[in-house]
Amino acid sequence: MKKILYFTSSIVLGLTLLSTNLQASTVKGKIYYAQNLKVPCGYNGEIMGKKYTVNEWRIIYNNNKLNETIKAICPKAPLIDSEKDLTNLYHFLSSFASDSGNVPSCN
């Protein structure tokens, strides 16, 4: 019984930490977008996120095409060198994908 309780507790704790990490990544992506892409693109991250579905953003990111896709949507956007920034931006953009159902609290 103790092993089952320990195992279940470990899974719940792991899922909680993963969720927190993804939320932090999304917030960092929002900050990155606001500081580096909002002005050159001329619109907020919600509009860019809605260009693709969650699955399409995942495929773009997994195929290392996020930089190219952002440049195609927004030609004035700077290239993103940092893998951390790309990951954070991916989480942010996919959180506002056309099929995500998420609505921003503020712009």
Side-chain angles (χ1 to χ4, degrees):
M1 183 68 172
K2 282 185 177 181
K3 288 183 181 181
I4 293 172
L5 182 61
Y6 177 75
F7 181 73
T8 306
S9 302
S10 298
I11 289 175
V12 169
L13 179 62
L15 290 174
T16 303
L17 293 176
L18 178 63
S19 172
T20 304
N21 188 27
L22 288 178
Q23 288 174 345
S25 183
T26 301
V27 170
K28 289 178 184 177
K30 178 181 180 180
I31 292 168
Y32 183 88
Y33 187 90
Q35 291 177 346
N36 300 293
L37 297 174
K38 187 175 182 179
V39 172
C41 295
Y43 45 81
N44 63 29
E46 177 196 9
I47 293 171
M48 179 162 311
K50 293 209 180 299
K51 302 282 184 186
Y52 296 100
T53 64
V54 173
N55 193 44
E56 289 169 333
W57 279 119
R58 182 177 24 256
I59 291 168
I60 290 166
Y61 177 74
N62 288 339
N63 290 328
N64 296 319
K65 302 287 184 187
L66 189 57
N67 246 335
E68 295 167 21
T69 302
I70 290 172
K71 277 299 241 185
I73 297 170
C74 176
K76 294 180 183 178
L79 285 178
I80 304 162
D81 297 329
S82 166
E83 188 61 38
K84 277 175 74 173
D85 289 336
L86 282 170
T87 300
N88 294 336
L89 197 55
Y90 157 69
H91 287 293
F92 171 65
L93 292 173
S94 66
S95 72
F96 290 111
S98 60
D99 63 343
S100 71
N102 291 335
V103 178
S105 57
C106 63
N107 290 330

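Every heavy atom of this structure was used, including side-chain atoms; hydrogens, water molecules and symmetry mates were not.
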Which distance, rounded to the nearest 0.5 Å, do you find between the [atom1] of [X] and the [atom2] of [Y]?
X: Asn88; Y: Glu83; atom1: CG; atom2: CD; value: 10.0 Å
X: Ile59; Y: Thr53; atom1: CD1; atom2: OG1; value: 7.0 Å
X: Lys65; Y: Ile70; atom1: NZ; atom2: CD1; value: 14.0 Å
X: Lys30; Y: Lys38; atom1: NZ; atom2: NZ; value: 9.0 Å

**Study point:** Backbone N/O of Ala77 and side chain of Lys71: donor-acceptor pair under 3.5 Å
**Key:**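 Between the backbone of Ala77 and the side chain of Lys71 there is a qualifying donor-acceptor contact (under 3.5 Å).
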**Study point:** Leu86: which of Asp81, Ile80, Asn64 passes side-chain contact (heavy atoms from CB on, under 4.5 Å)
**Key:**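 Testing Leu86 for a side-chain contact (heavy atoms from CB on, under 4.5 Å) against Asp81, Ile80, Asn64 leaves exactly one candidate, Ile80.
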With a 4.5 Å heavy-atom cut-off, do [X] and [Y] have their side chains touching?
X: Arg58; Y: Tyr90; value: yes
X: Asp85; Y: Asn36; value: no
X: Thr87; Y: Tyr61; value: yes
X: Thr69; Y: Trp57; value: yes

Check your understanding: Are there more than 12 heavy atoms of other residues, nucleotides or ligands under 6.0 Å from atom NZ of Lys84?
Key ->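 Open.
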Review point. In terms of hydrophobic clusters joined by side-chain contacts under 4.5 Å, are Tyr33 and Val54 together?
Key: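 Result: no, two separate clusters.
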Practice item. Kindly indicate, with the supporting measurements, whether the criterion side chain to side chain contact (heavy atoms under 4.5 Å, CB included) is fulfilled by Ile47 and Phe96. Key: CA-CA 8 Å; Ile47 293 171; Phe96 290 111; over 6 Å; no
Check your understanding: Does the ring of Tyr43 carry Lys51 above it, NZ/CZ under 6.0 angstrom from centre and within 45° of its axis?
Key ->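 Here Lys51 passes the 6.0 Å and 45° test against Tyr43.
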Review point. Stepwise, does the side chain to side chain contact (heavy atoms under 4.5 Å, CB included) test hold for Leu93 with Ile60?
Key: CA-CA 11 Å; Leu93 292 173; Ile60 290 166; over 6 Å; no
**Study point:** Nearest heavy atoms of His91 and Ser25, plus distance in Å
**Key:**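 Where His91 meets Ser25 most closely, the heavy atoms are CD2-OG, 3.0 Å.
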Review point. What closest approach, in Å, do Ser100 and Ser95 show between heavy atoms, and which atom pair accounts for it?
Key: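 It is OG-O, 3.0 Å.
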